[in-house]
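Everything below concerns the one structure shown next.
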Amino acid sequence: MNLPEKYKKPYNSKDVESIVYEKESNSGLFNPDVLINTFPKKYADSKTWTTITPPPNANGRLHAGHALDVTLKDISGRYKRMQGYQVLMLPGSDHAGFETQVVYEKKLEKEGRSRFGMDREKLYKEIYDFTIANKDTVTDEIKRIGASYDWSRDTFTLDDKVVSGVQNTFIKMYEDGLIYRGKRDCNWCSKHQTSLSDVETTNKELVDTFYTFKIGEFNIGTSRPETKFGDKYIVVHPDDKRYEKWLDNDTFEAEWISGPTKFTVIKDESIDMEFGTGAMTITPWHSGVDFLIAKKHGLDMVQVIDEQGKLMDIAGELKGLKAITVGRQKVVEILREKGLIVSEDTAYKHVVPVCYKCETPIEPQLKDQWFVKMESLAEMALQASQDGRINFVSEQYKKVYEYWMKNPLDWNISRQIVWGIQIPAWFKNKGEDNQEFHIGKTKPEGDDWIQDSDTFDTWFSSGQWPVATLGFSDSEDFKRFYPTQLMETGRDLIFKWVPRMVIFGLYLTGEVPFKDIYMHGMVLDAKGQKMSKSKGNVLSPIDLADEYGMDALRMALIVGNAPGNDIPLSVDKVKAYKKFVNKLWNIARFVLENTDESMDGEVDLTNKHIENFKNIKNDISKNIESYQLHLASESLYQYVWHEYADVVLEEIKKDLTDENKKVLRYLFKQILIIAHPFMPFVTEEIWSDFVDVEVNGLLLVQDWE
RNA sequence: GCGCGAUUAGCUCAGUUGGUAGAGCAACUCAUUUACACUGAGAAGGUCGGGGGUUCAAGUCCCUCAUCGCGCACCA
């Protein structure tokens with residue numbers, strides 16, 4: 001027969017992938033509007049199926065995790081589109097405020113520059129250009145994975161409509177009493193010079209010296225002597241017998257760092273009598289726990305360490321020293337000379353919060369910032385999970401989510417960085433306490449108003465992503481596509497992103513933003529280690545695809561990857577699926593050599609092979625529906641190789657009757673359909689040799705009944 | 001400390017409502033130009049981490065212990 005030349009060689013992904021993607025993309029069928037217009041019979045009256053794709057940070061290149069992310073949702077999307085849904089997979093990019101600024105700061109550092117002292121607008125413009133350039137690279141790489149995304153709706157978190165809508169949300173929340181400005185302890189990173197939310201810190205175990213100091217009759221423990229300059233309160237538990245002779249608010253004078261100091265005894269139940277001596281001093285400005293005690297008892301709060309992490313005036317001659325290093329040593333020296341050290345435990349292990357980007361220990365600071373009151377919002381989000389309006393594909397994340405929603409902490413949304421959406425708030429007399437402010441997008445009457453220079457926590461805008469990308473509630477797209485079906489994203493975003501989308505979705509629209517939540521695991525190296533540049537074990541999805549083909553990589557990422565579990569990826573595994581792709585190619589060769597289009601008519605549906613296939617197909621459909629893609633892909637592999645090729649084809653080869661050829665051809669075309677979502681490139685390519693695509697359409701829109 | 005996972009063939013992992021264990025890779029035997037050597041046929045390999053319980057029946061449900069991983073919080 002007329003076998004195309006290309007089948008005489010093994011499958012070569014390089015000859016195929018970009019051409020196929022272009023063909024599919026140029027057809028416009030990734031856009032649901034075009035889908036309806038082109039195939040009205042199939043799509044005009046059908047339901048929508050929507051997924052808003054997590055915006056990859058527009059600050060770097062794609063890694064294997066992105067490839068998994070795109071593949072998982074693309075399989076579902078392609079499947080639903082073939083089934084006849086108006087599929088919208090909406091792509092976007094995130095300016096990723098703090099993350100991008102950190103990346104850009106590193107770049108500046110390399111160039112011997114610094115963002116501090118740079119003109120705000122100039123810096124913004126530079127980061128903007130940098131981000132846009134990267135965004136284009138990232139977009140191209142996502143396309144290589146085969147993402148059937150509607151690029152005509154591509155959205156950037158700094159698009160006008162998003163910025164405006166996000167600011168509106170802030171104003172609405174303020175009016176609803178859900179946002180307040182308050183002096184509260186914040187997680188301060190002294191390297192990056194910004195406050196961070198609780199989920200932007202991570203924990204690090206340190207071995208420090210734990211000191212016990214003598215203050216009058218009390219022995220107090222601390223691992224942070226450098227904060228003790230301003231301490232003038234001794235706090236003990238009200239039931240502690242050791243200190244029962246002291247009454248609440250009793251005072252005494254004792255020798256301390258800067259000389260004789262007046263101390264006040266405070267009794268508070270939050271003290272752990274078992275720890276240390278059961279007595280401690282407090283430093284409310286630099287400790288969240290101490291802050292709560294001070295607030296409760298109305299105590300003075302004094303700043304000891306400045307925003308660069310240096311000791312302030314109160315430290316007298318030690319002023320200006322780096323608090324945590326030299327400052328600490330000097331204070332200890334002073335106290336040693338005064339004979340106030342009772343004991344030193346040099347092997348004290350404790351865990352401190354550090355900046356999740358640079359691991360600089362967080363220095364809590366009291367600052368005026370914008371906070372979101374989380375309690376009622378979290379309650380709404382908890383309800384949605386408990387009553388099943390949102391469904392977690394893997395239960396373990398439901399538990400984590402619900403735990404977090406039951407224990408919400410108010411959310412600091414102010415960031416002292418320029419890269420982001422500026423907060424629509426205006427101040428008079430900036431710098432003083434209790435300053436007057438005005439909330440609104442435009443400057444109020446009068447000359448002395450200046451806009452808050454802070455920007456929103458990036459998750460404040462990306463939390464609104466499902467609503468924002470669809471144009472907020474007054475747009476046509478919103479009415480058509482909201483609420484969406486699937487939110488598929490990495491397990492690391494269970495706190496940062498997912499609950500916030502649920503909260504904003506419910507708050508802004510009354511409806512959950514998505515029904516199914518699929519949290520995928522991390523892609524690890526072959527040994528199960530986290531991929532990192534420093535370990536040198538990073539597998540680039542683009543490099544792998546260059547060598548083995550993207551279809552092979554997609555399969556390697558899906559098979560054996562149960563929802564939510566981390567997945568090791570090895571080159572051997574990708575190779576194995578490259579063989580599978582080639583197997584499909586060779587089957588196509590055989591079928592093309594032995595059949596032709598005249599055999600495309602009716603087949604005997606009671607044929608045993610067709611009956612068997614029907615069961616496999618049902619099984620695969622069921623597993624895709626429930627996001628058990630590892631099972632679906634496994635069945636596909638087993639069927640194609642060990643049933644169709646090893647049994648059906650071998651049997652029919654020995655008895656090439658017209659009827660058998662028809663069965664062979666019919667089944668193979670069906671295989672192309674069920675294999676398409678998993679391996680879009682090779683299947684689409686082969687499809688065009690079986691049918692006239694001009695007449696019958698791309699494989700992309702064939703019926704999956 | 002609290003929470004969440006994991007522990008199944010040499011390795012990496014599946015195993016959906018309980019019905020006496022599966023895949024890929026590796027290793028072994030055979031076939032030798034076949035649509036496909038990026039191949040085919042075959043065989044081998046597991047007391048499902050330990051212990052206890054529920055059940056006619058447990059890899060699967062419950063309890064407990066151990067080891068590993070992760071997350072959250074904190075003690076000054």
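Values reported hereafter were calculated over all heavy atoms of this structure, with side chains retained and with hydrogens, waters and symmetry mates removed. Each chain gets a letter, A, B and so on, in the order its sequence line appears, and its residues count up from 1.
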**Message:** Mind checking if Ala645(A) touches a base, just sugar-phosphate, or nothing, with heavy atoms under 4.0 Å?
**Reply:** base
**Prompt:** Taking only side-chain nitrogens and oxygens of His642(A), does any of them come within less than 4.0 Å of OP1 or OP2 of G22(B)?
**Reply:** no
**Request:** Using the P atoms only, state how far C36(B) lies from G59(B), rounded to an integer number of Å.
**Result:** 45 Å
**Prompt:** Which comes earlier along RNA chain B counting from the 5' end, the contact point of Pro568(A) or that of Arg491(A), where each point is its nearest nucleotide?
**Reply:** Pro568(A)
**Request:** Could you check which of C38(B), A23(B), G40(B) has an atom nearest any side-chain atom of Gln638(A)?
**Result:** A23(B)
**Item:** Whole-Å gap separating C1' (U16(B)) and CZ (Phe392(A))
**Value:** 20 Å
**Request:** Give a yes/no answer on whether the side chain of Lys496(A) brings an N or O atom under 4.0 Å of OP1 or OP2 in G71(B).
**Result:** no
**Asked** Nearest-Å distance, NZ (Lys579(A)) to C1' (C38(B))?
**Response** 6 Å
**Request:** Choose from C74(B), G5(B), A35(B) the nucleotide whose nearest atom is closest to any side-chain atom of Gln396(A).
**Result:** G5(B)
**Request:** Please determine if Arg328(A) and Asp208(A) form a salt bridge, counting it only when a charged side-chain N lies under 4.0 Å from a carboxylate O.
**Result:** yes
**Item:** Ring geometry between Phe213(A) and Trp256(A) (parallel below 30°, tilted from 30 to 60°, perpendicular above 60°)
**Value:** perpendicular
**Asked** What is the nucleic acid contact for Lys530(A), judged by heavy atoms within less than 4.0 Å: base, sugar-phosphate only, or nothing?
**Response** nothing
**Prompt:** If you check every side-chain atom of Glu593(A), which of C38(B), A35(B), G24(B) has the closest atom?
**Reply:** A35(B)
**Prompt:** Side chains of Leu206(A) and His350(A): does their closest heavy-atom pair fall under 4.5 Å?
**Reply:** yes
**Asked** With a 4.0 Å cut-off on heavy atoms, is His286(A) in touch with a base, just the backbone sugar-phosphate, or nothing at all?
**Response** nothing
**Nucleotide C72(B), atom P - distance to NE2 of His350(A) in whole Å** = 18 Å
**Request:** Write down the distance separating the P atoms in C13(B) and A31(B), rounded off to the nearest Å.
**Result:** 36 Å
**Asked** Given Asn565(A), which of His630(A), Gln396(A), Met522(A), His520(A) fulfils the side-chain contact (heavy atoms from CB on, under 4.5 Å) condition?
**Response** Gln396(A)
**Fill in**
Tyr637(A) has its side chain closest, among A35(B), G24(B), A73(B), to G24(B)
**Asked** To the side chain of Asn586(A), which of A73(B), C36(B), A23(B) is closest?
**Response** C36(B)
**Prompt:** What integer number of Å spans the P atoms of G19(B) and G71(B)?
**Reply:** 34 Å
**Prompt:** With a non-hydrogen cut-off below 4.0 angstrom, is Ile567(A) in contact with a base, only sugar-phosphate, or nothing?
**Reply:** nothing
**Item:** From U39(B), A35(B), A14(B), nucleotide with atom closest to His630(A) side chain
**Value:** A14(B)
**Message:** Please classify the nucleic acid contact of Asn565(A) as base, sugar-phosphate, or nothing, using heavy-atom distances under 4.0 Å.
**Reply:** sugar-phosphate
**Prompt:** Between Lys296(A) and Glu269(A), does at least one N-O distance fall below 4.0 Å, as a salt bridge requires?
**Reply:** no
**Message:** Is it the case that C4(B) (base atoms only) and Lys399(A) (side chain only) share a donor and an acceptor within less than 3.5 Å, ignoring hydrogens and angles?
**Reply:** no
**Sidechain N-carboxylate O distance under 4.0 Å for Asp566(A), Arg491(A)** = yes
**Item:** Minimum heavy-atom distance between Val331(A) and Glu226(A), given as atom pair plus value
**Value:** CG2-CA, 4.1 Å
**Prompt:** Is Glu274(A) touching bases, backbone alone, or none of the nucleic acid, heavy atoms closer than 4.0 Å?
**Reply:** nothing
**Closest to the Val351(A) side chain, choosing from G24(B), C38(B), C74(B)** = C74(B)
**Message:** What's the gap between A14(B) and U7(B) when it is taken at their C1' atoms, as a whole Å value?
**Reply:** 15 Å
**Fill in**
Among G71(B), G24(B), U39(B), the one nearest any side-chain atom of Phe495(A) is G71(B)
**Request:** Please state the P separation for the pair C62(B) and U17(B) - nearest whole angstrom.
**Result:** 12 Å
**Message:** Just the rounded figure in Å: distance from P of A14(B) to CG of Asp619(A).
**Reply:** 18 Å
**Asked** Taking NZ, NE, NH1 and NH2 as the nitrogens, is one of them in Glu650(A) or Lys653(A) under 4.0 Å from a carboxylate oxygen of the other?
**Response** yes
**Message:** Under 6.0 Å between ring centres: does that hold for Tyr637(A) and Tyr577(A)?
**Reply:** yes
**Message:** So Leu649(A), base contact, sugar-phosphate only, or nothing? Heavy-atom distance under 4.0 Å.
**Reply:** base
**Item:** Centroid-centroid distance, Phe218(A) to Phe252(A), less than 6.0 Å
**Value:** yes
**Message:** Between G50(B) and C68(B), how many Å separate the two C1' atoms, rounded to a whole number?
**Reply:** 15 Å
**Asked** Taking the P atom of each, how far is A35(B) from A44(B), in whole Å?
**Response** 30 Å
**Asked** Of the nucleotides U39(B), A14(B), C74(B), which one has an atom closest to the side chain of Trp641(A)?
**Response** U39(B)
**Complete:** Of the candidates A73(B), C36(B), C25(B), the side chain of Glu650(A) sits closest to C36(B)
**Prompt:** Base, sugar-phosphate, or nothing: which does Asp646(A) touch, judged by heavy atoms less than 4.0 Å apart?
**Reply:** sugar-phosphate
**Message:** What does the 5'-to-3' dot-bracket notation of RNA chain B look like when only Watson-Crick and G-U wobble pairs under 3.5 Å count, and pairs to other strands show as |?
**Reply:** (((((((..((((.....[..))))..((((.......))))......(((((..]....))))))))))))....
**Asked** Tell me: CD of Glu205(A) to P of A73(B), nearest whole Å?
**Response** 16 Å
**Item:** Same-atom distance (P) from A21(B) to A58(B), integer angstrom
**Value:** 12 Å
**Message:** At 4.0 Å (heavy atoms only), tell me whether Ser223(A) reaches a base, stays on the sugar-phosphate, or touches nothing.
**Reply:** sugar-phosphate
**Fill in**
In whole angstroms, the gap separating C1' of C72(B) from CG of Asp492(A) amounts to 15 Å
**Prompt:** Hey, are Glu5(A) and Lys8(A) close enough for a salt bridge, meaning a charged N less than 4.0 Å from a carboxylate O?
**Reply:** yes
**Message:** Output the rounded distance in Å from CG (Asn203(A)) to P (C2(B)).
**Reply:** 16 Å
**Request:** Please state how far atom CZ in Arg589(A) lies from atom P in U33(B), giving the value in whole angstrom units.
**Result:** 16 Å
**Item:** Residue whose closest nucleotide on RNA chain B lies nearer the 5' end, Val352(A) versus Lys653(A)
**Value:** Lys653(A)
**Prompt:** Is Val591(A) touching bases, backbone alone, or none of the nucleic acid, heavy atoms closer than 4.0 Å?
**Reply:** nothing
